[in-house]
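Quick note on labels: first sequence line is chain A, next is B, and so on, each numbered from 1.
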Number of protein chains: 2
Amino acid sequence: MAVASSISTRIINAVLSQKLKPGARLGEQELATLFQCSRTIVREAMVDLAARGIVIVSPRRGWYLPEVNVEMARELYDAREIIETGLLRAFARRKETLDAGTLARLRVHLAEQKAAIESEDVERRSYLLGDFHVCLAQCLGNQVLASKLRDLTVLTTLFTMRHQTPGDARLSYEEHVAVVDALASGNASAAEHCMCQHLGTWEAKVHLVREHDPLEKLRQALTSPKDLPARVSRPAVEAKADEGNI
Amino acid sequence: MAVASSISTRIINAVLSQKLKPGARLGEQELATLFQCSRTIVREAMVDLAARGIVIVSPRRGWYLPEVNVEMARELYDAREIIETGLLRAFARRKETLDAGTLARLRVHLAEQKAAIESEDVERRSYLLGDFHVCLAQCLGNQVLASKLRDLTVLTTLFTMRHQTPGDARLSYEEHVAVVDALASGNASAAEHCMCQHLGTWEAKVHLVREHDPLEKLRQALTSPKDLPARVSRPAVEAKADEGNI
DNA sequence: CATTCATATCTTGCATACAAGATTGATTGA
DNA sequence: TCAATCAATCTTGTATGCAAGATATGAATG
């Protein structure tokens, strides 16, 4: 017996952990039995996620994780760069400085990232590398933008999963460390620069996808609801994927 | 008989038109009879709006438009400045230029703003002055951020309504014209500067509110769910308010 | 007269029932 | 053998019923 918010949170975390792939079907009855509640609660969670763009509904067919195409991926990466560098820029302009508690929270997060990488815990590593950006936004003091950023992060994760961008987890981790180090030394502008570079390398890969995969346009064109994979042939719980994080 | 999305859209537009005030109660049965549908559809719309932060739910009491406090208003204005200037900055960096059709759309929007101001159509004027920012974001090519920006605009409108910031509609309109003019002349950086100034004057007023109204903190502290106005004494349809737009 | 308590009414939270549409799979025909 | 059709099954969309909690009203009491 669960409330709707816990269901949507679980789904979001599953995506960030790359345990749910784009195109995955989210059956109402399946989720209802899994969470031991009625379909009403599940639908409430689905409507919540749909409002945030994290699931899409195909009428009378069901709820699916979106297949993020290249155009949307460009928007998503642009949006993330604008928000994340903008937060750091505003922080720098205010000449604020992170208090010890907040800095400690970021250090702990970095330590968890490192531990997940070294223990080769792929799911947790994927989750933490994505969650870091949200955590940073929260630490910079804007809960509203942090909330919006979480949704964007979920969608970019869906994109990188499908396109198997060869992500280097350790490199991402080190770039995260660079951002926090810059903030710790009171140089928020440098942190902004680090973040811009960090996101920029990933954003650049979006453009490469289009050139690298000439079938991209055709594939996207053919991914209309009718061409979605059949229901029973697609298990709800996907096998674990790896890499592809920021 | 209406679908959920039309209900949520109508509510959003009513807020942008300042026909619904912060703290307004949205009764399920009331809306169901008004839209000639069952409570199920209404609840779907409410969950949608709640996911976007536009309504808050008080358990077993009902759905309310939020009373945006000063802290959240600061976050909202920061977020809007980051997103809106960021979009213009990215546009400038790409050295893109608006095509004729897009520019025409913005010009039409400006003309409608002017007409609403001159005919003293307060509701439409309020709506258009807020909607312009969303329209601009769409024209700059990022639908994802435009969607998020719409939700933020609704919330800032709620804030300005409560705090009765003395908005000068004509000044806002002229600043909108300046932004579009700069874009039309291919100077997106200038447009970013105009927008930053446009938003900055409003954001500065948020800080003034705190100093101007020493009861602000107390008022916010006492606005817990229990202290919300009683149900029957608060009609669902509010009288029209005026001014307070960006 | 003010305060407290109990009851009646109203509203939301949740589950369930039923209708409508979609998919699957078997059957029929060429 | 392949294509088309039709029936059976499954899934979502919507309405409704009932329980639980909250508010308001009025009586009773100090």
Checklist entry - CZ of B/Arg43 versus P of C/dT11: gap in Å, rounded? => result 14 Å
Next on the checklist: Whole angstroms only, please: what is the CZ-C1' distance between B/Arg60 and D/dT23?
Outcome noted: 14 Å
Item to check | Residue from B/Arg125, B/Arg150, B/Arg124 passing salt bridge (charged side-chain N to carboxylate O under 4.0 Å, His left out) with B/Asp131 | outcome: B/Arg150
Checklist entry - So how far is it from B/Ser147 OG to A/Lys148 NZ, rounded to the nearest 0.5 Å? => result 7.5 Å
Item to check | Short side-chain N/O contact from A/Arg25 to OP1 or OP2 of D/dT12, under 4.0 Å | outcome: yes
Checklist entry - Could you state the CE-C1' distance from B/Met46 to C/dG13, rounded to the nearest angstrom? => result 15 Å
Item to check | Separation of C/dA17 P from A/Gln29 CD (nearest whole Å) | outcome: 12 Å
Checklist entry - Given atom CZ of B/Arg61 and atom P of C/dG13, what is their separation to the nearest angstrom? => result 12 Å
Checklist entry - Can you tell me if the side-chain N/O atoms of B/Thr40 get under 4.0 Å from OP1 or OP2 in D/dT14? => result no
Checklist entry - Which pair of heavy atoms, one from B/Leu65 and one from B/Ile54, lies closest together, and at what distance? => result CD2-O, 3.6 Å
Checklist entry - Between atom CD in B/Glu28 and atom C1' in D/dT14, what is the gap in whole Å? => result 15 Å
Item to check | Whole-Å gap separating C1' (D/dA19) and CZ (B/Arg39) | outcome: 12 Å
Checklist entry - When you measure from the side chain of B/Val57, which nucleotide among C/dG13, D/dA15, C/dT16 comes out closest? => result C/dG13
Checklist entry - Say you draw a straight line from CD1 of A/Ile56 to CD of A/Glu67; how long is it, rounded to the nearest 0.5 Å? => result 8.0 Å
Item to check | Whole-Å gap separating P (C/dT12) and CD1 (A/Ile41) | outcome: 16 Å
